[in-house]
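Comments concern the structure below.
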Protein chains: 2
Amino acid sequence: MSKQALPVVDLEAVACCAPIAVRPMDDDQAAVVAPMFKALGDPVRLRLMSMIASVPEICVCDLTPAFDLSGPTISHHLKVLRDAGLVDSERRGTWVWYRVRPEAFRQLGALLDVPSAAQATG
Amino acid sequence: MSKQALPVVDLEAVACCAPIAVRPMDDDQAAVVAPMFKALGDPVRLRLMSMIASVPEICVCDLTPAFDLSGPTISHHLKVLRDAGLVDSERRGTWVWYRVRPEAFRQLGALLDVPSAAQATG
DNA sequence: CGCCTAGGTTGACAGATTTCGAAACAGCGG
DNA sequence: CCGCTGTTTCGAAATCTGTCAACCTAGGCG
């Protein structure tokens, strides 16, 4: 793990842009961000994400028992979250630990911000 | 349109809950929210959503030309956004107008909030 | 009213993608 | 070596994407 050879998702490209309630997204940005939302678009992955996000880090051995799914399936879903750039994993001895990537998580939230005057100023 | 006979997505069930960085999501909540993220998990729908969200309302006739896709395809994507509870549509005369559902949009953003101390207090 | 045209939606379909588990594999520790 | 943890490979079933054809609604016109 931690073989983040190529980050798959270019976080730089996301940092630049305003909440979607302020300015329409261009094609390139949508192509970068959509996979992140897609990764959260499955109930299992959403729960995995929330379990990972609500603690500093968590072991796969604590994630798997929370679902009625096989180990490989959980591993698949974790890979989707990793490829989307939302989480990072690291092997320490016998176990593999997952934690959120705060930049990605925060930027996704920023995209959904409501600047409280966006509708009025349109 | 505006045949919101059954809202498809129960927004009440979403309102109750803390950011996922604070508390893990339970099964039921994930089942409600995941379709929303899933709806945003396609580049076309994400751009549609951002176009709708950045103005008070917008006509389908202004959305369709922005893509290299057929009318029916855009209509299908809009239906996904509608079924997810993210947008609402209304026919006025010849044209159909779309606007965001602020509650859903805001709650999705709230879910991704980072309470700035969540990681430290773990 | 009927007929025509334009804007959108719906239904059916092919092709691509996703989801999941069984089996095989890789890394670590005893 | 063995057992344990987690990942990858492979294949089958289910779902998604995009298109064409058909349909519905609204408006203009005779």
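Letters go in sequence order (proteins before strands), and every chain restarts at 1.
Counting to the nearest Å, the P atom of dC16(D) and the CZ atom of Arg45(B) are 9 Å from each other. Going from atom CD1 of Ile58(B) over to atom P of dG8(C) covers 11 Å, rounded to whole Å. We find that CG of Asp68(B) is positioned 11 Å from P of dG18(D), with the value rounded to whole Å. Here the P atom of nucleotide dT19(C) and the CG atom of Leu48(A) are 12 Å apart, to the nearest Å. Rounded to whole Å, atom C1' of dC24(D) lies 17 Å from atom CH2 of Trp95(B). dT19(C) atom C1' lies 12 Å from atom CD1 of Ile74(A), rounded to whole Å. Rounded to whole Å, the distance from NZ on Lys79(B) to C1' on dT10(C) is 9 Å. Distance Asp62(B) CG to dG7(C) P: 11 Å, rounded to the nearest Å.
Here the shortest heavy-atom pairing between Trp97(A) and Trp95(A) reads CD1-O, 3.8 Å. Taking each heavy atom of Ile20(B) and Leu112(B) in turn, the nearest pair found is CD1-CD2, 4.4 Å.
Side-chain proximity of Val60(A) to the nucleotides dT7(D), dT9(C), dT25(D) is greatest for dT7(D). Here dC20(C) is the nucleotide among dC20(C), dG8(C), dT8(D) with the atom lying nearest to any side-chain atom of His77(A). Checking dA26(D), dT9(C), dT17(D) against every side-chain atom of Asp42(B), the shortest atom distance belongs to dT17(D).
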Sequence neighbours left out, cut at 3.5 Å: what donor-acceptor pairs do the side chains of residues 34-50 of chain B make with other protein atoms?
from     : atom 1 : to       : atom 2 : distance (Å)
Asp42(B) : OD1    : Val44(B) : N      : 2.8
Asp42(B) : OD1    : Arg45(B) : N      : 3.3
Arg45(B) : NE     : Ala39(B) : O      : 2.7
Arg45(B) : NH1    : His77(B) : ND1    : 3.1
Arg45(B) : NH2    : Lys38(B) : O      : 3.4
Arg47(B) : NH2    : Ala66(B) : O      : 3.3
Ser50(B) : OG     : Met25(A) : N      : 2.9
Ser50(B) : OG     : Arg47(B) : O      : 2.9

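Using a 4.0 Å heavy-atom distance criterion, Leu69(B) is classed as a sugar-phosphate-only contact.
Judged purely by atom type and a 3.5 angstrom limit, Thr73(B) has no side-chain atom pairing as donor or acceptor with the backbone of Leu69(B). A donor-acceptor pair under 3.5 Å links the side-chain atoms of Thr64(A) to the main chain of Val60(A), judged by distance alone.
In this model, the phosphate group of dT17(D) is not approached by any side-chain N or O of Thr73(B) to a distance below 4.0 Å at OP1 or OP2. Checking the phosphate oxygens (OP1, OP2) of dT7(D), a side-chain nitrogen or oxygen of Ser75(A) falls inside 4.0 Å. In terms of phosphate contacts, Ser70(A) brings a side-chain nitrogen or oxygen within less than 4.0 Å of OP1 or OP2 of dG21(C). Between Tyr98(A) and dT7(D), a side-chain N or O to OP1/OP2 separation shorter than 4.0 Å is present.
Along DNA chain C, the nucleotide nearest to His76(A) and the one nearest to Lys38(A) differ in position, and the one closer to the 5' end is contacted by Lys38(A).
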